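Everything on this sheet refers to the single structure shown next.
Note that this is a predicted model, so its numbers are computed, not measured. Just follow the structure's listing: the first ligand is 1, and inside any ligand the first atom is 1.
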Amino acid sequence: LPAPGTVEFKNVTFGYPGAEAPVLSDISFTAKPGQTTAIIGSTGAGKTTLLNLIPRLYDATEGEILIGGLPLRELGRETISQNISSVPQRPYLFSGTIASNLRFGAQEAEEEDLWEALRIAQADGFVAEREGQLESKISQGGTNVSGGQRQRLCIARALAAKPKTYLFDDSFSALDVSTDAKLRAALVEPTKDAAVIIVAQRVSTITEADQILVLDHGEIVARGTHEELLESSETYQEIVTS
Ligand code: TTP
Ligand code: MG
């Protein structure tokens, strides 16, 4: 079997229930542990939809998704949530404390582990400044923290769970360029044995990715490293220069 955490799409097609045209057509790729797979493409291309198939928010209409070589459809909810952490495009915080939000996928985590996750996510500074720190309250939906802080807390939550597969949906674009760079540098070590899939808007976020998939109208129109795509893909060149 492929290593745990490996995500394989085999000729996956998906349409939302009731919709006529599929949103994703014939998607095939493998995201391996120890590698970063980046997905880039214009708004509406299907990037979020593709990521959402991995924790089974929806099932593929055709084709197959395998996790560590096992069909996703045969994995239980618990196995999926224990192995895959997802930072959604609109990150969500629950009403409760910062600690309870961070322990969502990691009930057993010690405070020290939570601080470590916060440090990596570049969120330790503002949490340390809040009254009560880890015990400070988050209001419903996380409205008493800024959008960028919410995003970093959700990244810390994903890290605290120590999954085998990480999904980041546009998780770095609300951050300023310098925080984005620091965060991604800090992520290298803790995610080095995991499969990392990143949806990005900014090309600078993904130039180091092991493979980049260019998604256009639900199809992978090009794939390769940044350097390869600069040579081979007009769509990629347009994204880079836009
Ligand atoms: P997305 O998968 O949301 O496209 P995207 O993530 O690439 O776009 P963005 O960069 O703006 O985040 O949408 C693809 C298509 O699927 C689009 O036509 C909207 C449709 N869609 C639904 O019908 N229902 C849904 O729940 C979602 C997420 C998308
Ligand atoms: Mg999206």
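Backbone and side-chain nitrogen or oxygen atoms of G41 are examined, and none is located within less than 3.5 angstrom of a nitrogen or oxygen of ligand 1. At under 3.5 Å, not a single nitrogen or oxygen of N52, backbone or side chain, sits near a nitrogen or oxygen of ligand 1.
Looking from atom 12 (O) of ligand 1 to the surrounding protein, the closest heavy atom is Q89 NE2, 2.8 Å. Looking only at heavy atoms of the protein, atom 10 (O) of ligand 1 is closest to K47 NZ, 2.7 Å. Protein heavy atom in closest approach to atom 28 (C) of ligand 1: Y16 OH, 3.3 Å. For atom 17 (C) of ligand 1, the closest non-hydrogen atom of the protein is G44 O, 4.2 Å.
A distance-only check finds no donor-acceptor pair linking the side chain of R157 to the backbone of G105 [under 3.5 Å]. Of the possible polar contacts, one joining the Q122 side chain to the I120 backbone as a donor-acceptor pair under 3.5 Å is found.
The option with the heavy atom closest to atom 13 (O) of ligand 1, from among T43, T49, I40, is T49.
Y236 and L215 are members of different hydrophobic clusters when ILVMFWY side chains are connected at heavy-atom separations under 4.5 Å.
Using a 4.0 Å cutoff on heavy atoms, A45 counts as a contact of ligand 1.
Within a 6.0 Å sphere centred on CD of Q237, other residues, nucleotides and ligands contribute more than 12 heavy atoms. Atom CD of E234 has 12 or fewer heavy atoms from other residues, nucleotides or ligands within 6.0 Å.
Under the 4.0 angstrom criterion, atom 26 (O) of ligand 1 counts as having a protein heavy-atom contact.
Counting backbone and side-chain atoms alike, T43 contributes no N/O/S atom closer than 2.8 Å to the Mg ion (ligand 2). Coordination check, T49 versus the Mg ion (ligand 2): failed, since every N/O/S atom of the residue sits at 2.8 Å or beyond.
Only the side chain of V23 comes within 4.0 Å of ligand 1, counting heavy atoms alone; its backbone N, CA, C and O stay farther away.
Using cut-offs of 30° and 60° on the angle between ring planes, the pair Y16 and Y58 is perpendicular.
Donor-acceptor pairing under 3.5 Å is lacking for the side chains of S173 and Q201.
Each of D176, D170, D180 was evaluated against R202; a single residue qualifies, D180, per the salt bridge (Lys or Arg N to Asp or Glu O under 4.0 Å) test.
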